[in-house]
Amino acid sequence: QLGKYTLVRTLGSGANSKVKLGLDKSTGKYYAVKILKKDNPNLDAKFLELVMTEVKAMSALNHPNIVNLVEYSEQGFVEKKGGRKCPVIYIVLELATGGELFDFVALTGRYSENIARFYFHQLIEGLDYVHKRGITHRDLKPENVLYDDCFNLRIADFGFAAPVQGKDGSGFCKTKLGTE
């Protein structure tokens with residue numbers, strides 16, 4: 001249990017966090033809940049900076065073609081079955097159950113032109129919205145493009161986001177980031 005969310009199962013995990021399927025019993029809606037244990041010795045300042053970058057960027061955004069932020073807290077407690085409470089930082093995101101663009105292309109091959117145009121339009125709509133709000137994603141790749149339950153495209157993972165004008169205001173983003 002994490003606040004009003006019942007944690008159902010693990011959706012994924014990384015070195016510093018786990019993403020759980022969370023059910024808000026008051027609404028019956030499911031969410032993706034990213035959980036970072038505060039007592040994790042690997043939770044360094046650089047990783048926490050990426051988390052705060054993601055939260056700050058996503059707090060300024062709300063669009064049908066991005067995975068939207070629902071809730072964020074640095075003061076959460078996960079209640080284990082035995083009653084023990086673990087302090088955590090958590091991010092609640094809309095759930096994109098349709099999978100990744102990467103997996104679809106890997107399994108089925110390229111899309112037909114009509115389908116590719118449809119999804120490209122959704123991608124551009126989402127990116128245009130993000131850019132007009134002064135944010136650049138900086139890690140756009142097929143693994144960070146998801147589908148919701150109606151197979152609409154959703155841009156995810158704003159951990160490397162930065163202001164469009166650059167962190168120093170020069171109009172350039174100079175840090176090398178992302179997948180090589």
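Note: hydrogens, waters and symmetry copies are ignored here, and every other heavy atom, side chains too, is used.
- The side chain to side chain contact (heavy atoms under 4.5 Å, CB included) test with Y72 singles out one residue from M58, K34, M52, E54, and that residue is M52.
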Quiz: residues 83-93 side-chain donor-acceptor pairs under 3.5 angstrom, not counting sequence neighbours:
residue	atom	partner	partner atom	Å
Y90	OH	E71	OE2	2.7

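- Between V33 and G22, the shortest heavy-atom distance links the atoms CG2-CA, 4.0 Å.
- Hydrophobic clustering (side-chain heavy atoms under 4.5 Å, transitive across Ile, Leu, Val, Met, Phe, Trp, Tyr) groups V105 together with F118.
- A donor-acceptor pair is defined here as one N or O able to donate and one able to accept, closer than 3.5 Å; such a pair exists between the side chain of N68 and the backbone of H63.
- A donor-acceptor contact shorter than 3.5 Å links the side chain of R154 to the backbone of P64.
- The nearest pair of heavy atoms linking V67 to A96 is CG2-CB, 4.4 Å.
- One distance of note links CG of N42 with CG of N16; it measures 5.5 Å at 0.5 Å rounding.
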Test log, rule side-chain contact (heavy atoms from CB on, under 4.5 Å), inputs V145 and F104: CA-CA 11 Å; V145 177; F104 273 89; over 6 Å; no
Begin from the C-alpha positions of L36 and F47 and carry the test side-chain contact (heavy atoms from CB on, under 4.5 Å) through to its verdict. CA-CA 10 Å; L36 300 92; F47 186 78; 3.0 Å; yes
Would L101 and L123 count as a side-chain contact (heavy atoms from CB on, under 4.5 Å) if you check the C-alpha gap in whole Å, the side-chain angles of each, and the deciding distance to 0.1 Å? CA-CA 11 Å; L101 171 62; L123 179 67; over 6 Å; no
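- With salt bridges taken as basic N to acidic carboxylate O contacts below 4.0 Å, none links D24 and K29.
- Under a hydrophobic-cluster definition in which Ile, Leu, Val, Met, Phe, Trp and Tyr are linked whenever side-chain heavy atoms come within less than 4.5 Å, directly or via other members, L50 and V130 are assigned to different clusters.
- Under the 4.5 Å side-chain heavy-atom criterion for Ile, Leu, Val, Met, Phe, Trp and Tyr, Y111 and L146 are members of the same hydrophobic cluster.
- In this structure a side-chain-to-backbone donor-acceptor pair under 3.5 Å is present from Y129 to N62.
- Minimum interatomic distance between E94 and A32 (heavy atoms only, all atoms of both residues): O-CB, 4.3 Å.
- Scanning all heavy atoms of the two residues, the minimum distance from S59 to L69 falls at OG-CD2, 3.4 Å.
- Rounding to the nearest 0.5 Å places NZ of K25 at 4.0 Å from OG1 of T6.
- Remark: K38 NZ is packed, more than 12 non-hydrogen atoms of other residues, nucleotides or ligands lying under 6.0 Å away.
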Could you check L11 against L95 for side-chain contact (heavy atoms from CB on, under 4.5 Å), going step by step and ending with a plain yes or no? CA-CA 10 Å; L11 298 174; L95 186 62; 3.9 Å; yes
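- Cluster annotation: F160 and F102 are assigned to distinct hydrophobic clusters (Ile/Leu/Val/Met/Phe/Trp/Tyr, side-chain heavy-atom contacts under 4.5 Å, transitive).
- Taking the six-membered ring for Trp and the full ring otherwise, the centers of Y119 and Y147 sit less than 6.0 Å from each other.
- The distance from atom CZ of R138 to atom CG of L140, rounded to the nearest 0.5 Å, is 13.0 Å.
- Distance check, rounded to the nearest 0.5 Å: CG of L7 to CG of L21 gives 9.0 Å.
- Residue A161 comes nearest to I135 through the heavy atom pair CB-CG2, 3.9 Å, listed as atom of the first residue, atom of the second, then distance.
- V55 and V70 fall into different hydrophobic clusters, where Ile, Leu, Val, Met, Phe, Trp and Tyr are joined by side-chain heavy atoms under 4.5 Å apart, directly or via other members.
- One distance of note links CD1 of I124 with CZ of R117; it measures 13.5 Å at 0.5 Å rounding.
- For the atom pair CG (L153) and CD1 (I66), the distance works out to 11.5 Å, reported to the nearest 0.5 Å.
- Aromatic ring centres of H137 and F158 lie closer together than 6.0 Å.
- Environment of NE2 in H131: crowded, with over 12 heavy atoms of neighbouring residues, nucleotides or ligands closer than 6.0 Å.
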